[in-house]
Enquirer: 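Could you have a look at this structure, given as structure tokens, before my questions?
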Amino acid sequence: MTSRVPEIVVEPPGPRAREIIAADENVIMQSFTRWYPLVIKRGYGSVVEDVDGNKYIDFNSGIAVLNIGHNHPKVVERVKSQLEKFIHYSLTDFYYEEAVRAAKTLVDVSPLDDGKAFFTNSGTESIEASIKIARGFFKGTRPYIISFLGAFHGRTYASMSVSASKPVHRARFHPLLPGIIHAPYPNPYRCPFPKLEGDECGDAVISYIEDWLLSKLVDPSEVAAFILEPIQGEGGYVVPPDGFLPKLEKLAKRHDILMIVDEVQTGFARTGRMFAVEHWGVSPDLLAVAKAMGGGLPLGAVIGRRDVMSLPRGSHANTFGGNPVSLAAFSAVIEIIKEERLWERAERLGEKTMRFLRDLYSEVSLIGDVRGKGLMIGVELVKDRRSKDPAIKELAWVLERSFKRGLLVIGAGASTVRIAPPLVIEEELLDKGLNILADVLKEASRRFTTS
Ligand SMILES: Cc1ncc(COP(=O)(O)O)c(C=O)c1O
């Protein structure tokens, strides 16, 4: 089956896809991003089939969700079996053993030595909960949260307020949550402090937080938490310099400020470790997860230090968090990740993919930067390497063209191609997908480069 993929039998969007898109535009609010007109009919492994019979290689994983691939048989079987027992009964008011088992598993695989979990339905809800837990821990005496420019944490009010990756996410919706301060993020390719690179850039950010924000704007004793993605996702797949997270952790500890680490996108083996913070030996006080956790079913969680997970009775809950069907899928996801040692696979295939993409650098002048960890890889496109002007329309063209050739890949940040295939992807399919991307990037370079 895999050798026939990709297979474009009718140029997308085909007739059935066009019909569904028209109906969608008529009945669904169109506030989405949507890069190209894919209308999915089914998925298996790392392959997606559309409603007109076209087959694509999936480098999106339903946006870093399907780490174990589409419709993994173990997930399907576990979900079916739970469906026959009970589908819902809220943890807000009642108990079930499935939740206890899942919480224990989650704490065990997390980088926290000892902790408790709280289940949510999505990434944004995990962030909302983390912020409430952090402020609640200090009983409202520390109103400030320090977040980072370029961050994306979700689209509800608290998560939107700590986000700062694209103005469109926030425009129209003010007033946002008060008490949020944004610090620069040490983007090694575009350091906010001119002329600095690598750890010097990370150190400049730490000094800025310490010498300016915590010295001139707010006293550290007013700050409940730092919140950050260990690798920025939606902001452009940006990996910070190696020293940054450990130094931020040290600074946080010095002032009893909590570290909320958002691993909604990086979690569950995506970056070559079960959680990305493990690359830097950092132990968060609160860890927000979702996306890959439910194998495609809606599920998220906050895992936190036992003493920090202390909101009193009645102060926080939800109807669906820890839904037993989603938790059944989660139990399968963890088993698959462990049995197939998917963090190792992500690391190996990620290194191979980065080598392949870096080799293209000399041939494809559009490529400004290739970066990532494991199978979370960004290829930033620039109009020219000196000015580093983002190649925005070129990115849109590359994504659409890849789609028409049978490769599903989307963007991140202003002009970055984001590569996040299922961690179980067959090497043959990964290679085919990379070859399509290489052809398209070469074509785009010829088409758009004037110098
Ligand atoms: C790092 C990060 N945090 C939070 C979110 C929000 O997750 P959700 O879309 O499930 O609300 C996302 C979604 O892309 C994300 O990448």
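Since the structure is predicted, the reported quantities are computational estimates derived from the model, not experimental observations. Start at 1 and go down the list; that is how both ligands and their atoms are numbered.
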Enquirer: Closer than 3.5 angstrom, by distance alone: can the side chain of N71 be matched with the main-chain N or O of Y44 as a donor-acceptor pair?
Expert: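 Between the backbone of Y44 and the side chain of N71 there is no qualifying donor-acceptor contact (under 3.5 Å).
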Enquirer: Are F119 and F320 close enough that their ring centres sit under 6.0 Å apart?
Expert: no
Enquirer: Determine, counting only non-hydrogen atoms of the protein, whether one lies under 4.0 angstrom from atom 9 (O) of ligand 1.
Expert: no
Enquirer: Which residue and atom name correspond to the protein heavy atom nearest atom 3 (N) of ligand 1, and how close is it?
Expert: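 It is D262 OD2, 2.7 Å.
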Enquirer: With atoms numbered from 1 as shown, which atoms in ligand 1 lie under 4.0 angstrom from a non-hydrogen atom of V264?
Expert: 2 (C), 3 (N), 4 (C), 5 (C), 7 (O), 12 (C), 15 (C)
Enquirer: Would you say R135's side chain and P143's backbone share a donor-acceptor pair under 3.5 angstrom?
Expert: yes
Enquirer: Heavy-atom contacts with T124 under 4.0 Å: which atoms of ligand 1 show up? List them by number with element.
Expert: 6 (C), 7 (O), 8 (P), 11 (O)
Enquirer: Just to confirm my output: which protein heavy-atom neighbour is closest to atom 7 (O) of ligand 1, and how far is it?
Expert: G123 CA, 3.3 Å
Enquirer: Please check: side-chain N/O of R270 versus main-chain N/O of F275, any donor-acceptor pairing under 3.5 Å?
Expert: no
Enquirer: Can the ring centres of Y89 and Y96 be said to be less than 6.0 Å apart?
Expert: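 Judged by ring-centre distance (under 6.0 Å), Y89 and Y96 do not meet the cut-off.
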Enquirer: For atom 4 (C) of ligand 1, which protein heavy atom lies nearest, and how many Å away is it?
Expert: H153 O, 3.2 Å
Enquirer: Show the atoms of ligand 1 that are less than 4.0 angstrom away from any heavy atom in E229.
Expert: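 Checking each atom against E229, I get 1 (C).
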Enquirer: Can you list the atoms of ligand 1 that are under 4.0 Å from a heavy atom of G154?
Expert: 6 (C)
Enquirer: So which heavy atom in the protein is nearest atom 13 (C) of ligand 1, and how far is it from that ligand atom?
Expert: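 That would be K291 CE, 3.5 Å.
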Enquirer: Does Y189 have K388 sitting over its ring (NZ/CZ under 6.0 Å from centre, angle to axis within 45°)?
Expert: yes
Enquirer: What protein heavy atom is closest to atom 16 (O) of ligand 1, reported as residue, atom name and distance in Å?
Expert: Q265 NE2, 2.8 Å
Enquirer: Compute both the distance and the angle, then confirm whether R142 meets the cation-pi test with F138: under 6.0 Å from the six-membered ring centre, within 45 degrees of the axis.
Expert: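 R142 over F138 ring: yes.
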